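A short worksheet on the structure shown next.
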Amino acid sequence: MKVSEFLKEEVSPLLLGAFYSRYIFSNDNTKIYTEVSYKISKFVDDYNFLIKSKNLLLEKLNKISQPFSFWKDYTNTNSKRPQMVLRFTLENDLGLTKDNFYNRLNVKILSQDFIYDNTLNESKKMFIRGFAESRGSIDTTRPLLSLDYFYNSLNEVKRARILYDYFNVPFSVLNFNPRELQNDYVTGRRKRNTQLRFNLYWYVKNIGLLNDYKIAIVKKVYDNIEYNKEENGVKYFNSPEIANSRKDTFDFMLRYYANNIFNKNLSDFEVENLRNELNFNTSSDITSFKRDLSLIELIRINTPDECASCKTTKTYTHKNTGRQYFEYHHVISIGKNHELDDENNIVKLCPTCHRIVKKGSAPEAEQKTVIRNILHNRPNVLEFAQHIYDLEDFEEVVDKIWRSLK
């Protein structure tokens, strides 16, 4: 398909969303393409099903994109762990630059009548599927749909704002995680990309999933999500209610990143100052320690209202919020260690279980039972603790956590 046709003709909202999420120029600038891609997961380690899901998804994408059914399979099946790659390619007959294409794509999207409807209509949902599910992966430790966030200019850094400005996505179900401020990036442990993350509970209930392989992962990992219905090849799930937030931390992070981080060659000292300004770090003086309240907000919104130990969903009604009350607990007590104020080290506990894991408030055996339950119910916490202590043995990790209790 020629880019001149793409910009002129009426095309599927899915294509608009996919290209808006990420577009790639060929080295000679003659092609512009977007991709749907995903890899095999250890939770659904079935190669035949992986290939079958890719073929079914290719059929769905071409059906949705009619009359421009130009999605092609670019999967390299010779790889030991192949990545499924489906690509839609535009011929750059207008000789557009990356900025030209983005600006014209943005104008095209904002000229669509469906985005000015006050409801979350099917066209909006299809755009969001193209934007998010095309490259997003199911986080198997927390209920998130996460995708690497790519951009070529300052304007594109903030393009995700379109999701709640025009597409009815609540800002409280979105999270922006700049790599330059990630603890793993700063410490050199892991250099992952900046990520945009959707609350999975909201996504599967309101937007649904097209990809049967990702659907299988959701069913395997999240037993508190129940299949609800299928409409036009899209599967929806009933999922736990999530708390809404009045605090727009998502837009704040987009603006903060654009103004203070994007395209700047920051020194280690400058990065440290930014992390301190955002309370990502703590002071070495325990008396002036500040917890990163944005992490508590992230846990409050993106985890189910249930105790991570006993799994109860009933405590008592909070008089200010009208919701069931839960308390937030650092599994490994943080003390003065900056690294421990991490979203993978924080869980919701009912008041009873939280009281048990206060140092000296219950027998050792009872406290260790609560710790074991947390690690069994929250695999991301177990993985984090194993990394912190450099231990694999489950009981050794339990003992280390018990000894850290404050």
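Predicted model, so just to flag it, every value in this text is computed and none were measured.
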Polar side-chain atom of [X] near backbone of [Y] as donor-acceptor pair, under 3.5 Å:
X: T369; Y: A365; value: yes
X: Q367; Y: I356; value: yes
X: Y38; Y: S41; value: no
X: S69; Y: N62; value: yes
X: K108; Y: E10; value: no
X: N377; Y: A308; value: yes
X: N344; Y: F384; value: no
X: S239; Y: Y201; value: yes
X: N103; Y: D99; value: yes
X: S26; Y: T30; value: yes

side-chain contact (heavy atoms from CB on, under 4.5 Å) partner of L86, the single match among T34, N55, L58 = L58
I would like to know whether Y33 and F25 meet side chain to side chain contact (heavy atoms under 4.5 Å, CB included); could you show each step before the answer?
-> CA-CA 7 Å; Y33 61 91; F25 273 61; over 6 Å; no
Shortest non-hydrogen contact from [X] toward [Y]:
X: L120; Y: K124; answer: CD1-CB, 4.0 Å
X: N118; Y: N168; answer: O-ND2, 2.8 Å
X: S21; Y: R135; answer: OG-NH2, 2.8 Å

Quiz item: cation-pi between [X] and [Y], 6.0 Å / 45°:
X: R22; Y: Y151; answer: no
X: K219; Y: Y227; answer: yes
X: K220; Y: F43; answer: no

Nearest 0.5 angstrom please: [X] [atom1] to [Y] [atom2], how far?
X: L145; Y: N199; atom1: CG; atom2: CG; answer: 10.0 Å
X: H354; Y: S361; atom1: NE2; atom2: OG; answer: 9.5 Å
X: N380; Y: E383; atom1: CG; atom2: CD; answer: 8.0 Å
X: R129; Y: L209; atom1: CZ; atom2: CG; answer: 9.0 Å
X: I138; Y: E133; atom1: CD1; atom2: CD; answer: 7.5 Å
X: H330; Y: I346; atom1: NE2; atom2: CD1; answer: 4.0 Å

With a 4.5 Å cut-off on side-chain heavy atoms, are [Y] and [X] touching?
X: L144; Y: F198; value: no
X: S172; Y: W202; value: no
X: W71; Y: V36; value: yes
X: R87; Y: D73; value: no
X: Y164; Y: P170; value: no
X: Q112; Y: P13; value: no
X: K229; Y: K235; value: no
X: Y389; Y: E396; value: no

Show your reasoning for whether ring-ring contact (aromatic ring centres under 6.0 Å, His included) applies to F19 and F6.
-> CA-CA 11 Å; F19 274 101; F6 176 80; 5.0 Å; yes
F114: what forms a ring-ring contact (aromatic ring centres under 6.0 Å, His included) with it, not counting sequence neighbours?
-> none
Kindly write out the residues that satisfy ring-ring contact (aromatic ring centres under 6.0 Å, His included) with F127, not counting sequence neighbours, or none if the list is empty.
-> F167
Is there a donor-acceptor contact under 3.5 Å linking the side chains of Y23 and E156?
-> yes
Starting from the C-alpha separation in whole Å, work towards a yes-or-no answer on side chain to side chain contact (heavy atoms under 4.5 Å, CB included) for L200 and Y222.
-> CA-CA 10 Å; L200 183 66; Y222 294 101; 3.6 Å; yes
Under the salt bridge (Lys or Arg N to Asp or Glu O under 4.0 Å) criterion, do E366 and R355 qualify, and how do the steps go?
-> CA-CA 11 Å; E366 191 173 348; R355 192 160 48 247; over 6 Å; no
Parallel, tilted or perpendicular: rings of F49 and Y213 (30°, 60°) = tilted
If the plane angle is over 60° it's perpendicular, under 30° parallel, otherwise tilted; pick one for F88 and F70.
-> tilted
Salt bridge between [X] and [Y], side-chain N to carboxylate O under 4.0 Å?
X: K368; Y: D399; value: yes
X: K2; Y: E91; value: no
X: D45; Y: K42; value: no

Steps toward side chain to side chain contact (heavy atoms under 4.5 Å, CB included) verdict (S37, M84) | CA-CA 5 Å; S37 60; M84 306 294 102; over 6 Å; no
L349 and V357: CA distance, side-chain angles, deciding distance, side chain to side chain contact (heavy atoms under 4.5 Å, CB included) verdict | CA-CA 10 Å; L349 292 180; V357 287; 4.1 Å; yes
Given Y102 and Y20, is the ring-ring contact (aromatic ring centres under 6.0 Å, His included) satisfied, shown in steps?
-> CA-CA 8 Å; Y102 173 76; Y20 202 63; 5.8 Å; yes
